[in-house]
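Below: the structure, in structure tokens.
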Amino acid sequence: MDKYAVFGNPIAQSKSPQIHQAFAAQCNAQLSYQKILAPKHGFTQALTEFFSDPCAKGCNVTLPFKQQAADWVDQLSDSARLAGAVNTIIRLPDGSFAGDNTDGAGLVNDILAHAVAVKGKRILLIGAGGAARGVIAPLLAQQPSALVIVNRTKTKAIELASLVESANLSAMSFDELPAQRPFDVIINSTSASLDNQLPPINDDVLAQANAAYDMVYGNKPTVFMCHCQELGVPVVMDGLGMLVGQAAESFRLWRGCKPYTTAVLTDLRQALKSEQ
Ligand code: NDP
């Protein structure tokens, strides 16, 4: 039986085994998918051990190991190279390992699935951490008219914007955001919602958006989502669809079969709601 896994620390919270078993059922595949808690200083050893089994065909990697995974693999996809981070490792037929980053595809597919356009639109990306880094190239590939990165620590936003050469990409601080030039889609890639905090963004900027996305998800709408709803933003989304979308892309890379995500997302949402 083909073996897959997700490595992280912590990892107990991971929904990936449920998601991948649902995809496997759809594609009539028999596979195992386990959570592996790698020691903070023992990730590559755990990875090498896992892949010493020839049945191990691939794995996902989550915090805090995505950068180390990028160093470990033999080759990187364009999105993984730009992100400097790998969330999907694929064992190739010649025994070498490829690293990809499917977070951006997961985000973009989820936004588009909500009938929210990106092409030709002004997009604001809040945050400049690992999650933001992984979505820049896939967002730019959708040809927005502008992609602006805004971050609490402005230097990080500038650094991130300098990684890609694009006339449509820029960086600024929160107080430089132009209220008179509205953004169509605002994506919160910060971890602020995990602490029940809002990024320090002006309500006038938020209120003019047609859609808002929080990469964080939980058993109820995040503080950012609630705030955007109160301000009247018509479409407000959380990151659960991104999670399922990035998993679907990993599954396709491993097995060549692109699973449907809608039913899996509905079941996961239901299960999440019943969690305390
Ligand atoms: P990092 O630690 O790399 O970056 C955190 C970012 O959040 C930084 O830009 C930081 O700003 C900013 N930030 C944190 N707290 C605040 C605050 N109170 N106000 C303003 N900005 C703040 O984390 P990641 O980028 O890896 O992950 C960010 C979030 O994205 C996580 O919550 C994670 O759960 C989520 N995520 C969701 C995925 C999904 O599939 N749905 C996939 C990947 C990530 P500064 O630089 O100034 O410190």
Side-chain angles (χ1 to χ4, degrees), residues 1-8 11 14-36 47 50-62 65-66 69-70 72-83 85-115 118 131 134-135 137-139 141-142 215 217 237-272:
M1 194 192 283
D2 289 346
K3 268 178 64 175
Y4 300 90
V6 57
F7 290 80
I11 198 63
S14 175
K15 311 281 181 221
S16 293
Q18 285 154 260
I19 297 173
H20 283 284
Q21 287 300 352
F23 290 162
Q26 260 186 47
C27 298
N28 286 325
Q30 290 277 330
L31 55 85
S32 77
Y33 189 109
Q34 54 177 149
K35 298 178 199 178
I36 298 181
L47 206 52
F50 175 74
F51 280 114
S52 67
D53 181 345
C55 294
K57 296 293 194 284
C59 70
N60 288 123
V61 179
T62 188
F65 301 126
K66 290 183 184 183
W72 188 84
V73 294
D74 300 300
Q75 55 178 273
L76 291 170
S77 69
D78 288 345
S79 60
R81 189 171 305 109
L82 177 72
V86 157
N87 78 338
T88 307
I89 297 178
I90 307 120
R91 189 204 288 271
L92 299 175
D94 67 1
S96 65
F97 294 97
D100 212 320
N101 191 314
T102 63
D103 284 339
L107 171 76
V108 167
N109 290 341
D110 193 33
I111 291 176
L112 298 178
H114 282 85
V118 177
V135 302
L139 281 171
Q142 294 297 312
M215 286 194 194
Y217 56 84
M237 301 159 270
D238 74 359
L240 197 63
M242 175 178 175
L243 177 79
V244 176
Q246 61 78 27
E249 202 51 30
S250 297
F251 194 92
R252 185 188 66 77
L253 290 168
W254 293 327
R255 306 194 60 88
C257 159
K258 178 86 196 268
Y260 294 105
T261 52
T262 313
V264 178
L265 183 55
T266 306
D267 289 350
L268 200 62
R269 174 87 60 206
Q270 210 54 42
L272 201 61

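Side chains included, hydrogens not; waters and symmetry mates left out as well; all remaining heavy atoms used.
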Check whether any side-chain heavy atom of [X] sits under 4.5 Å from a side-chain heavy atom of [Y], and report yes or no.
X: Leu47; Y: Ile89; answer: yes
X: Tyr217; Y: Leu268; answer: no
X: Ile111; Y: Gln142; answer: no
X: Ile11; Y: Ile36; answer: no

State plainly whether the residues Arg91 and Asp53 are in salt-bridge range, i.e. N to O under 4.0 Å. no
Identify whether the distance between the nearest side-chain nitrogen and carboxylate oxygen of Asp100 and Arg252 falls below 4.0 Å. no
Distance check, rounded to the nearest 0.5 Å: [X] atom [atom1] versus [Y] atom [atom2]?
X: Cys55; Y: Tyr4; atom1: SG; atom2: OH; result: 10.5 Å
X: Phe97; Y: Cys59; atom1: CZ; atom2: SG; result: 8.5 Å
X: Lys57; Y: Phe51; atom1: NZ; atom2: CZ; result: 10.0 Å
X: Gln18; Y: Leu272; atom1: CD; atom2: CG; result: 9.0 Å
X: Asp103; Y: Thr88; atom1: CG; atom2: OG1; result: 7.5 Å

Which residues share a side-chain contact (heavy atoms from CB on, under 4.5 Å) with Ala22, sequence neighbours left out: Val264
When the ring centroid of Phe65 is compared with that of Phe7, is the distance short of 6.0 Å? no
Are any side-chain N or O atoms of Gln246 and backbone N or O atoms of Leu243, one a donor and one an acceptor, separated by less than 3.5 Å? yes
Is a side-chain N or O of Gln26 found less than 3.5 angstrom from the main chain of Lys258, in a donor-acceptor match? no
Using salt bridge (charged side-chain N to carboxylate O under 4.0 Å, His left out) as the criterion, list what pairs up with Asp94, not counting sequence neighbours. none
Salt bridge (charged side-chain N to carboxylate O under 4.0 Å, His left out) with Asp110: which residues, sequence neighbours excluded? none
What closest approach, in Å, do [X] and [Y] show between heavy atoms, and which atom pair accounts for it?
X: Ser32; Y: Met1; answer: N-SD, 3.6 Å
X: Phe23; Y: Ala247; answer: CE1-C, 3.6 Å
X: Pro259; Y: Ala248; answer: CD-O, 3.7 Å
X: Asp238; Y: Arg269; answer: OD2-NH1, 2.6 Å
X: Val86; Y: Val61; answer: O-CB, 3.7 Å
X: Glu249; Y: Ala105; answer: CG-CB, 4.0 Å

Could you tell me if Thr102 and Asn87 have a donor-acceptor pair between their side chains, going purely by distance under 3.5 Å? yes
Between Asn60 and Ser250, do the side chains contain an N or O donor and an N or O acceptor separated by less than 3.5 Å? yes
Trp254 vs His20 aromatic rings, parallel, tilted or perpendicular, using cut-offs 30° and 60°? tilted
